[in-house]
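Written below as structure tokens is the structure these notes are about.
Excluded from the calculations below are hydrogen atoms, water molecules and symmetry mates; all remaining heavy atoms, backbone and side chain alike, are included. For ligands, and for the atoms within them, numbers begin at 1 and follow the listed sequence.
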Amino acid sequence: MDEANGAGQAGPLGQSRPIDVVSLYPKDMNIYGDWGNVLTIRRRLKLYGYEPRIHTYNQGDPWPEQVDMVLGGGGQDSGQEKISDDFFKRADTLRALVADDVPMLMICGMYQLFGEYFETIDGTRLDGIGVFGVYTEGREQRMIGNLVEHSDQFGDIIGYENHSGQTFLRDGVEPLGHVEGEGRGNNGEDGTEGARVHNVIGTYMHGSLLPKNPKISDFLIAAAATRRYGEFRPWQEEGQKAELARIDETAANARRVAASRPR
Ligand code: GLN
């Protein structure tokens, strides 16, 4: 620590403050633009003065030593089946990271596998790792379209859903938000969408989600930085501040357009 920089500060501008981000199964679980979530976190981390280290983890890869955030995407039922064995080998590690408050974002197919199980439309049962007290059953009718939901913490969350699985929350499980308008959300019946536990967010929102929802990006980043460095303290020069403001303005425009589009 550089004392001249003031108590509690980790160092001067330019000093490296890595944040290690795991992208979970990007080969098989990455559809409807979910990779955009990784790009968004990488860009925003840099603009806040952190050093993003992205670790892509696919089946059979070594697990990274340091993990500050985990991002998982959606996938076809076949992609979910493909990763299943390897996923179970990592289940204890992932559950320990969840309990240790590592922030995570799990979209659609990975959200389902972070639940108790997903029974696909053809009757195949894929067990999940039980981070969320939710279960999912495949149905004939896919739920497809733009989606707006409201969360007290994040305000309006805007994205796009495309799933055959209907997810049901066990009693007491907190949803990410409540669907507004014609969105279907977890199951098209109870108005809930997604789930929360510790610092983990599960959701059906593709889009990509994070470019259009900077509040969720910043929640994940702040949680990761606080856990690793004791605080979330942006180090920004004027150029970085201006760039972030420009990105947030673009996000605001994208949100307006997406929210106004019919399903
Ligand atoms: N295969 C799952 C379903 O259809 C997940 C789809 C997705 O990730 N978009 O429900």
| message | Considering only residues two or more places apart or on different chains, which pairs with a residue in residues 77-88 satisfy salt bridge (Lys or Arg N to Asp or Glu O under 4.0 Å)? | response | Asp28-Lys82
| request: Measure up the Tyr57 and Trp63 rings against each other and bin them: parallel (under 30°), tilted (30 to 60°), perpendicular (over 60°). | output: perpendicular
| Can you check whether Tyr204 and Tyr160 have ring centres sitting under 6.0 Å from each other? | no
Put together the list of close N/O pairs, under 3.5 Å, between ligand 1 and the protein, could you?
| unit_1 | atom_1 | unit_2 | atom_2 | d |
| --- | --- | --- | --- | --- |
| ligand 1 | 1 (N) | Gly75 | O | 3.0 |
| ligand 1 | 1 (N) | Asp77 | N | 3.4 |
| ligand 1 | 1 (N) | Asp77 | OD1 | 2.4 |
| ligand 1 | 1 (N) | Gln80 | OE1 | 2.9 |
| ligand 1 | 4 (O) | Arg142 | NH2 | 3.3 |
| ligand 1 | 4 (O) | Ser164 | N | 3.0 |
| ligand 1 | 4 (O) | Ser164 | OG | 3.4 |
| ligand 1 | 8 (O) | Gly75 | N | 2.9 |
| ligand 1 | 8 (O) | Gly75 | O | 3.3 |
| ligand 1 | 8 (O) | Gly109 | N | 3.0 |
| ligand 1 | 9 (N) | Asn162 | O | 2.9 |
| ligand 1 | 9 (N) | His206 | NE2 | 3.0 |
| ligand 1 | 10 (O) | Gln112 | NE2 | 3.0 |
| ligand 1 | 10 (O) | Ser164 | N | 3.1 |
| ligand 1 | 10 (O) | Gly165 | N | 2.8 |

| task | Determine whether the side chains of Asn213 and Arg255 contain a donor N or O and an acceptor N or O closer than 3.5 Å. | result | yes
| request: Would you please indicate if the ring centroids of Tyr48 and Phe232 are separated by under 6.0 Å? | output: yes
| query | Stepwise, does the side chain to side chain donor-acceptor pair (under 3.5 Å) test hold for Gln66 with Asp68? | reply | CA-CA 7 Å; Gln66 174 74 35; Asp68 301 315; 2.7 Å; yes
